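Shown next, in structure tokens, is the structure this report addresses.
Note: hydrogens, waters and symmetry copies are ignored here, and every other heavy atom, side chains too, is used. Only a predicted model underlies this, so the values are computations on that prediction, with no experimental measurement involved. A note on names: the letters A, B, ... follow the listed sequences, proteins ahead of strands, and every chain is numbered from 1.
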Amino acid sequence: MTKLGFELTVALRFLREGRMQTALIIGGAGIGVAVIFFITAVLTGVQGDLIKRVTGAQAHIVIKPPEEIVAPLIAGDSEESRLASIQARPQRLTTIDGWPALARATEMTEEVIAVAPVVTGSALGIKGEASRSVVIVGTELERYLRVVKLDDKVQSGVLLIEPGDALIGIELAKDLGAVLGDRFRVQTAQGGSEVFRIRALLDLGSRELNRRYVYTDLRAAQSLLGIPGRITNLDVAISDIMRAEIVSAQLRAQSGQLVESWIQTNNQVFSAIKNQDIMTLLIRFFITVVVALGIASVLVVSVVQKRKEIGILRAIGATRRQMLGVFLLQGLMVGVGGAILGSGLGMALVWVFSRVLRNAEGQALFSLSFDFKLIGYVVIGAAVLGLIAAVLPARNAARLDPAQAIRG
Amino acid sequence: MANAEPLVLLQGLHKTYNEGLPNAEEVLHGIDLEIRPGEFTALIGPSGSGKSTLLNILGLLENASGGGYRLSGRDVTAFADDERTHARHEVLGFIFQFHHLLPAFTALENVMLPGMIGSGRKPLQDDLAARAMELLDAVGLREASDKKPNELSGGMQQRVAIARALVLAPQLVLADEPTGNLDTRTSDSIFELLRKFNRERGTGLLIVTHDPRLALRCDRIIELVDGRIAADRTNTPAAR
């Protein structure tokens with residue numbers, strides 16, 4: 001008994017003595033922690049799924065040349081008012097000047113993990129009788145794969161683009177009546193025309209993309225679209241997808257180009273995610289408050305119940321600080337106990353619901369990953385919470401006048 | 001056993017409750033008192049005479065309102081709470097009317113508790129468990145060492161409390177009606193135990209009691225009436 005030290009020994013005995021109270025409060029804290037654990041796991045899973053779906057074949061950030069605008073030309077300095085009709089001009093295929101330097105500068109920017117030069121333009125895919133409008137995406141595949149993970153989207157074939165190769169969406173293949181290894185022709189309005197061999201069929205996560213996308217190498221796309229040596233945009237991947245707007249602003253300022261993040265292009269999805277985040281933050285906050293109040297109220301009652309014992313301990317030589325320690329330790333242990341119980345319960349909940357909640361493709365929305373970091377945070381957080389909750393009752397205990405406490 | 005410096009020295013000690021308020025009430029009016037080490041003293045007096053207050057002040061559980069208190073050669077009147085706690089831990093032991101053991105601890109652990117606190121200068125005792133066991137043996141409860149207080153009779157509980165008061169070998173044990181709620185036979189045996197520790201270990205005792213029979217078996221009897229010492233005489237215990 002002497003090994004644990006006075007405060008810990010007494011704290012443990014007090015908790016054990018009030019078995020019912022201790023069990024109830026650890027149970028309460030545990031359920032709170034389990035719910036936090038669970039909604040965190042579900043939300044992370046659901047949002048991850050949603051973002052993956054939305055940004056599946058999209059770069060986090062796209063750098064484009066500025067749009068061309070039409071400025072009215074007014075000659076002379078006449079005071080007469082004029083009628084002017086300004087007609088927006090059709091956007092030409094604009095390109096980024098000096099892109100290799102811009103790509104290097106972008107790569108050096110903080111939080112940017114990969115940059116790939118891309119040429120996109122529309123064209124017609126033709127095979128026999130069938131012709132479909134397609135989007136040509138010409139890129140350096142090796143660099144592009146670091147920006148957009150096509151690896152897990154390959155339905156058949158290999159991710160490889162040699163001269164004359166193309167990777168196309170599965171729907172497009174169906175529409176053209178083509179299978180892996182077949183050749184088809186791509187023709188552009190600029191007059192370019194080229195025959196490609198299908199090296200892989202991709203499932204890009206949405207019907208629209210699957211119906212239109214044709215990936216090929218940079219050079220082929222450039223010559224097809226009549227812009228040799230130039231590119232239409234730079235695709236950028238960053239380390240934290242949620243910080244896309246911040247990095248975009250930075251890139252916009254330093255490049256002077258038009259910079260669009262996935263958040264801009266998918267504004268509704270992003271604001272839905274933000275709102276979810278705020279809601280769950282609120283839920284977590286209030287659960288935390290409720291758990292803290294629960295721990296505090298049980299300890300307040302315990303101090304009242306143990307008045308006499310506190311008085312005796314003080315009489316036989318325990319200092320105020322030691323009594324403070326006894327009750328702070330109780331808060332700490334209840335918090336940690338609740339966190340451990342809650343993490344277990346939470347994982348059980350995740351396990352159960354990962355078999356019930358599924359996404360559109362029938363895959364589990366989240367997986368039971370033993371996130372030890374999360375458990376660690378929860379335990380440390382609950383320990384701190386228990387301590388804070390115990391401050392008031394512990395101070396009451398320390399302030400008790402021993403003479404009065406013993407008297408009754 | 002006369003030492004140069006008395007263990008307890010009170011000079012003109014006052015205690016007023018609710019000081020400065022309209023319902024202020026002075027319960028001790030200038031107490032002068034000396035207690036030497038190893039004295040076996042009874043403190044008697046009618047209810048409301050201020051016995052408990054005096055005992056609490058002596059035990060450093062309450063502060064005096066005025067006057068001087070030197071304990072073991074140190075002026076303790078101006079001590080802060082921590083210093084008083086440490087002085088209490090070093091010099092004093094307590095026995096209460098109702099045993100006041102901690103129900104969550106076994107008899108042996110209750111006896112060990114003061115030694116575990118380790119406050120003040122008294123170092124934590126390595127041989128604490130052995131010492132506690134020896135004391136339980138001395139009060140005749142070796143067999144009951146791992147029993148919880150609620151498994152023991154009232155007399156047994158009070159014996160455990162005595163062992164607890166003595167575990168750090170205090171110079172003075174303050175006992176507030178230690179036999180107050182025990183039957184005569186049990187109360188006699190408890191008293192004998194206190195006498196034995198006084199004789200064998202030189203522990204000083206100040207026993208507050210209502211029982212004139214017990215008082216007459218002490219070496220000195222102090223009588224408190226209305227917050228003043230009405231009588232203070234040495235007594236030769238009658239042979240039983």
Please check if the number of heavy atoms outside [X] that lie under 6.0 Å from its [atom1] is greater than 12.
X        : atom1 : result
B:Tyr17  : OH    : yes
B:Lys148 : NZ    : yes
A:Arg284 : CZ    : yes
B:Asp226 : CG    : no

Least distance between heavy atoms, [X] atom then [Y] atom:
X        : Y        : result
A:Glu17  : B:Pro103 : OE2-CG, 3.1 Å
B:His100 : A:Lys308 : CE1-CE, 3.3 Å
B:Thr106 : A:Arg13  : N-NH1, 4.5 Å

For the interface with chain A, which of B:Asn56, B:Asp81, B:Leu60 has the highest count of heavy-atom pairs at distances below 4.5 Å? B:Asp81
Is there a side-chain contact between [X] and [Y] in this structure, where contact means two heavy atoms from C-beta onward sitting under 4.5 Å apart?
X        : Y        : result
A:Ile312 : B:Phe94  : no
B:Thr85  : A:Arg321 : no
B:His86  : A:Thr319 : yes
A:Thr9   : B:Met112 : no

Working to the nearest 0.5 angstrom, can you tell me the gap between B:Leu61 CG and A:Ile406 CD1? 5.5 Å
Donor-acceptor pair, side chain of A:Gln322 and main chain of B:Ile117, under 3.5 angstrom: yes
